[in-house]
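Some notes on the structure that comes next.
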Amino acid sequence: MKKWTAIILTLALAFCLFGCSAKEKTFEITGAESLVITSGYNGESITVTDAGDIKHITDSVCGLSYSRGDKVDSDGWSYSLKWVDKDGGTIEFLVLLGNGTVIYDDHYYAPTAANRSIDFDFIAGLFDSN
């Protein structure tokens with residue numbers, strides 16, 4: 001009987017450690033020739049082609065780890081980002097909420113590091129300069 005109890009406890013522990021653990025999500029986005037940003041505030045879209053600006057935004061998003069979460073109580077979204085390759089195909093598409101949460105593939109992902117966030121000020125500045 002002790003042997004079966006030990007086996008069951010070992011399996012339960014293994015399941016909790018590996019099956020129940022929250023997996024972190026990261027994004028790796030490369031090869032973008034342009035980035036289409038749409039404002040959730042007014043519906044305006046801009047296409048960013050400056051390699052430095054694309055890199056800054058991409059690094060801001062890809063430099064974070066995210067954990068999958070529940071639907072966020074929000075009235076809307078801040079920006080959508082669509083990275084586009086040289087042939088016009090979509091590399092990746094994300095929707096950003098103002099609190100740093102990302103919607104990807106119809107799931108919500110919150111940044112795991114409280115002291116790091118996506119550079120919303122930089123994105124807003126691109127709309128101001130156009």
Side-chain angles (χ1 to χ4, degrees):
M1 185 68 164
K2 288 182 184 180
K3 183 178 182 180
W4 284 106
T5 302
I7 291 172
I8 290 171
L9 287 175
T10 302
L11 289 173
L13 179 62
F15 179 74
C16 286
L17 289 175
F18 302 107
C20 298
S21 63
K23 300 203 180 353
E24 289 191 353
K25 171 82 175 147
T26 57
F27 297 99
E28 186 175 326
I29 302 168
T30 60
E33 292 288 318
S34 63
L35 175 61
V36 179
I37 306 172
T38 302
S39 170
Y41 302 108
N42 59 19
E44 180 184 352
S45 290
I46 59 171
T47 300
V48 178
T49 56
D50 180 79
D53 291 346
I54 294 170
K55 180 178 179 355
H56 182 83
I57 295 168
T58 303
D59 289 349
S60 178
V61 172
C62 294
L64 299 174
S65 293
Y66 303 86
S67 61
R68 188 165 165 182
D70 296 326
K71 185 173 192 250
V72 177
D73 185 22
S74 176
D75 290 336
W77 48 279
S78 297
Y79 299 100
S80 69
L81 305 175
K82 180 172 78 168
W83 286 265
V84 180
D85 65 19
K86 65 180 178 172
D87 298 322
T90 300
I91 296 171
E92 197 63 83
F93 179 80
L94 302 173
V95 176
L96 309 177
L97 303 181
N99 66 355
T101 298
V102 172
I103 302 173
Y104 171 72
D105 198 25
D106 292 327
H107 298 289
Y108 291 81
Y109 293 89
T112 56
N115 61 344
R116 300 208 43 217
S117 63
I118 296 168
D119 194 348
F120 284 97
D121 291 337
F122 184 83
I123 296 170
L126 293 173
F127 280 88
D128 293 340
S129 65
N130 280 327

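Scored by the side-chain contact (heavy atoms from CB on, under 4.5 Å) test, Thr49 finds Ser34, Thr47 as partners (sequence neighbours excluded). By the side-chain hydrogen bond (donor to acceptor under 3.5 Å, both in side chains) test, Thr112 is found to be paired with no residue, residues two or more places apart in sequence or in another chain being considered. Residues satisfying the side-chain contact (heavy atoms from CB on, under 4.5 Å) test with Ser78, not counting sequence neighbours, are Tyr41, Phe120. Residues satisfying the salt bridge (charged side-chain N to carboxylate O under 4.0 Å, His left out) criterion with Asp50, sequence neighbours excluded, are absent altogether. For the ring pair (Phe, Tyr, Trp, His ring centres under 6.0 Å) test, no residue two or more places apart in sequence or in another chain qualifies with Phe93. The side-chain contact (heavy atoms from CB on, under 4.5 Å) test applied to Glu33 returns Lys86, not counting sequence neighbours. Not counting sequence neighbours, Tyr108 has no partner by the ring pair (Phe, Tyr, Trp, His ring centres under 6.0 Å) test. Taking Asn99 as the reference, Thr101 meet the side-chain hydrogen bond (donor to acceptor under 3.5 Å, both in side chains) condition, with sequence neighbours excluded. With sequence neighbours left out, Ser39 forms a side-chain hydrogen bond (donor to acceptor under 3.5 Å, both in side chains) with Asn42. Scanning for side-chain contact (heavy atoms from CB on, under 4.5 Å) contacts around Asp59 gives Lys55, with sequence neighbours left out. The ring pair (Phe, Tyr, Trp, His ring centres under 6.0 Å) search around His107 returns none, not counting sequence neighbours. Taking the side-chain hydrogen bond (donor to acceptor under 3.5 Å, both in side chains) definition, one finds that Asp106 meets it with nothing, sequence neighbours left out.
Here the side chains of Phe27 and Trp83 are not in contact, with every heavy-atom distance at 4.5 Å or above. Between Ile118 and Val102, some side-chain heavy-atom pair lies under the 4.5 Å cut-off. A heavy-atom distance below 4.5 Å is not found between the side chains of Tyr66 and Tyr104.
Taking CG of Leu96 as the start and CH2 of Trp77 as the end, the distance is 9.5 Å to the nearest 0.5 Å.
One N or O on the side chain of Ser60 and one on the backbone of Asp119 form a donor-acceptor pair closer than 3.5 Å.
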